[in-house]
Amino acid sequence: MHRPPTRPQPGDLPGNEPGDQPCGPAQCARRRLTRREFVSAVAAAAALASGAGVPLAVATPLEHAPAPAVPQELEEFDFGAVELTGGPLKEQYDRIHASYLALENDRLLRVYRQGAGLPDPGAPMGGWYGRNGFVPGHSLGQYISGLARIGRTTGDPACHAKVQALVEGFALTLGASNRVFAAPNAEKLWPCYILDKHLIGLIDALRLSGLEQARAMIPRVYAGALPYIPARGRDRIGRKDPPYDETFVLPENLFTAYELTGDQTLLERARAYLLDREFFDPLAQGMDVLPGRHAYSHVIALSSAGKARLVLGEERYLGTMRNAWDLLRSEQQYATGGWGPDELFIEPGKGQLYASLSATQNHFETPCGSYAAIKLARYLLCATGDGRYGDGLERVAYNGLLAAKDPDGQGDYFYYSSYNAQARKGFYPKRWPCCSGTLVQGVADYVKDVYFRSAGGVAVNLYTPSRVRWQQGETAVVLEQQTLYPLQGAVRLMLACAHPVAFTLQLRIPSWVQTSPQVRVNGKWASSDVRRGFATLTRTWKNGDRVELEWPLPLRSEPIDAAHPHTAAVLRGPLVYVERSVGSGLASSPSPSHESSYEPGPAAVSMPLDIGKLQPVAGSPALLSLGSRSFAPFYQVRDETYTMYFDQA
């Protein structure tokens with residue numbers, strides 16, 4: 001089994017020797033390099049020059065993706081090239097890493113072993129996943145996928161060992177007939193849905209954990225599913241009306257499986273399942289075909305349009321994705337970047353987003369929806385190089401996925417975000433729901449969201465403590481980011497390179513920034529050309545160079561919809577702020593394990609709010625107040641009661 005080498009320690013990069021304290025953003029943006037940092041930078045450059053301190057896994061992807069059939073403005077980095085080093089994304093990443101690593105292999109494999117007549121140790125999973133559940137065994141492939149992604153990024157051998165054990169355990173249950181479904185309910189109602197999860201698990205086990213056995217299993221798993229899946233794709237109408245199965249989410253992974261195996265039948269089935277006539281083509285023609293459709297499955301289907309563009313070379317799919325994005329942003333979206341109350345797209349222009357605040361508490365299928373929206377944003381960023389897609393990615397990452405309540409380790413998972421007054425974050429009533437699979441995949445993908453490769457250098461999309469390694473021509477380069485963003489608006493970037501090297505550094509400037517950003521290189525003002533939402537700095541960079549940028553984080557309001565302009569959410573920079581109810585902290589809260597947070601009939605908004613009178617709380621940079629009223633970023637709320645929308649005074 002492939003086991004990537006141990007990642008370098010923080011001391012391998014300038015400004016982070018063992019024992020150093022990371023600087024705050026204001027200090028990062030203003031002070032000069034200390035002698036200690038300079039010595040560290042020289043050491044890092046020497047390590048880069050010698051090849052020490054830069055793991056092979058970072059520089060050498062296990063599987064090289066075929067060149068896209070159409071031009072791309074940006075490219076994603078390999079999981080092994082980027083690491084998170086601090087901040088709220090890293091904190092959640094570490095918690096999810098530990099949570100999924102702790103899942104018991106025997107429990108995860110039990111339903112498959114039962115179906116194969118093998119010994120089945122381990123306690124039953126129950127919930128959706130159990131033998132008599134809604135979708136038996138549905139998320140095994142997603143757990144494998146998420147662990148492989150985390151293992152590739154962190155170099156954690158325990159992740160790769162778990163991936164190997166789960167893939168090998170699943171392989172033993174296939175038998176001569178390639179039995180891929182855990183129970184009859186799975187093969188009758190959800191064959192395409194489950195096949196999609198199996199494929200991504202095997203794809204990532206191969207590409208990211210180096211498990212060659214997975215390549216041979218891909219055609220076996222497909223063959224086992226073939227008797228149960230339709231020859232042509234079909235749409236899903238509504239939320240509860242059968243057929244539930246989602247053929248149209250499969251093409252992305254079928255295309256990738258084809259690239260890894262060369263099996264033409266996978267390519268042909270991917271084409272057959274593209275939702276062209278009903279969905280993709282009308283969107284490409286500028287039509288709005290979202291209302292009434294199941295929200296998550298149709299947004300994740302747009303990733304299949306993105307992959308079809310790269311494999312088939314058909315640019316119409318770019319039009320599909322662009323129009324869908326614009327419709328989501330302008331007609332369907334809450335302030336958090338979420339959409340789909342009760343999992344359905346609304347009819348625009350009728351005030352239905354506002355009405356949803358009092359009609360339901362199921363406003364956004366958060367881990368699944370965030371995963372779908374962020375993937376769509378990455379496809380569009382790479383295709384166009386336009387920073388507005390990075391803005392949307394940032395919005396739903398910080399206010400959607402990051403704001404999800406942590407799982408409890410027993411199968412209870414956060415599912416819906418509630419945006420009404422006096423809401424609480426709770427768990428879905430049934431254990432192991434679909435969001436248990438997308439949660440680990442989406443969080444593992446944070447490293448894919450931060451940096452992108454361009455033809456001439458690198459683009460910084462998210463501002464979070466992190467580092468990226470890449471090869472610019474013949475020169476190895478490390479870029480480290482230090483910041484307290486999104487709570488403060490200053491960022492410091494440090495370069496380490498073995499030799500001076502010319503490249504372009506692109507820095508996304510969020511659309512809500514109202515003034516020209518302050519950009520300095522080595523303490524001196526630098527002119528930068530802002531194009532498509534990115535400030536660009538082209539120069540010959542040398543070891544120890546530093547770049548600082550800073551902007552204010554303005555308070556602003558965002559109406560719920562055009563029909564109700566005075567009902568609005570509060571945003572500061574990229575973050576949605578909510579009012580926390582007095583005395584609703586953890587100590588006085590009821591158990592959140594299975595709260596009734598999904599019953600309809602909530603209040604829509606809280607008492608009036610004059611947003612212009614909100615003030616920062618001294619000593620607590622994350623908090624705002626107005627008299628006795630307290631406001632915090634939505635992602636920081638755990639078990640408190642909160643309100644998101646207000647009548648503007």
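Note that the structure is predicted; figures quoted are calculated from it, not measured.
- The cationic group of K430 does not satisfy the cation-pi geometry with Y413, failing either the under 6.0 Å distance to the six-membered ring centre or the 45° limit from the ring axis.
- The cationic group of K375 does not satisfy the cation-pi geometry with Y379, failing either the under 6.0 Å distance to the six-membered ring centre or the 45° limit from the ring axis.
- When only modelled atom types and interatomic distance are considered, Y642 and S581 share no side-chain donor-acceptor pair under 3.5 Å.
- Side-chain contact check for L290 versus L328: some heavy-atom pair is nearer than 4.5 Å.
- A donor-acceptor contact shorter than 3.5 Å links the side chain of D386 to the backbone of R388.
- For the residue pair D561/H564, the side-chain donor-acceptor check at 3.5 Å is satisfied.
- Taking all atoms of both residues into account, the shortest heavy-atom contact from N461 to G390 is OD1-CA, 3.2 Å.
- Of the possible donor and acceptor atoms, none in the side chain of T360 sits under 3.5 Å from a partner among the backbone N and O of S356.
- The backbone N or O of L575 lies less than 3.5 Å from no partner atom in the side chain of N399, so there is not a single donor-acceptor pair.
- H566 places no side-chain N or O within 3.5 Å of a backbone atom of D647 that could act as its donor or acceptor partner.
- Between the side chains of E343 and H294, at least one donor N or O sits under 3.5 Å from an acceptor N or O.
- A side-chain donor from one of R309 and Q72 sits under 3.5 Å from a side-chain acceptor of the other.
- We find that E76 and R453 are not joined by a salt bridge, their nearest charged nitrogen and carboxylate oxygen being 4.0 Å or further apart.
- Judged as a side-chain contact (heavy atoms from CB on, under 4.5 Å), and not counting sequence neighbours, the contacts of A305 are F280, Y317, T320, M321.
- No salt bridge links R520 with E548; every basic N to acidic carboxylate O contact stays at or beyond 4.0 Å.
- Counting all heavy atoms, side chain and backbone alike, I611 lies closest to S557 at CD1-CB, 3.1 Å.
- No donor-acceptor contact under 3.5 angstrom links the side chains of Y193 and S297, judged on distance only.
- In this structure, a donor-acceptor pair under 3.5 Å is present between the side chains of Q481 and Y451.
- In this view, S516 satisfies the side-chain contact (heavy atoms from CB on, under 4.5 Å) rule with no residue, not counting sequence neighbours.
- At distances below 3.5 Å, not a single donor-acceptor pair connects side-chain atoms of S466 with backbone N or O atoms of L84.
- Between the side chain of R152 and the backbone N or O of A81 there is no donor-acceptor pair closer than 3.5 Å.
- Taking 4.0 Å as the cut-off between side-chain N and carboxylate O, R378 and D445 count as a salt-bridged pair.
- Residues F534 and L507 fail the side-chain proximity criterion, which asks for heavy atoms closer than 4.5 Å.
- A donor-acceptor pair shorter than 3.5 Å can be found between the side chains of D204 and S145.
- With hydrogens and angles ignored, the 3.5 Å screen pairs a side-chain donor or acceptor of T536 with a backbone N or O of D529.
- Remark: E558 pairs with R395 by the side-chain hydrogen bond (donor to acceptor under 3.5 Å, both in side chains) rule, at least two apart or across chains.
- Counted by atom type alone, Q352 and E347 present zero donor-acceptor pairs between their side chains at under 3.5 Å.
- Judged by distance alone, the side chain of R492 and the main-chain N or O of E480 form no donor-acceptor pair under 3.5 Å.
- E394 and Y485 form a side-chain donor-acceptor contact under 3.5 Å, judged by distance and modelled atom types alone.
- The side-chain tip of K448 does not point at the ring of Y446 from less than 6.0 angstrom away and within 45° of straight on.
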Inset, instruction - Evaluate the criterion salt bridge (charged side-chain N to carboxylate O under 4.0 Å, His left out) for residue pair E640 and R424; output intermediate values, then yes/no. - result: CA-CA 6 Å; E640 305 96 323; R424 291 281 298 276; over 6 Å; no
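- Formation of a donor-acceptor pair under 3.5 Å by the R431 side chain with backbone atoms of Y428 is not found in this model.
- No donor-acceptor pair closer than 3.5 Å links the side chain of E579 to the backbone N or O of A632.
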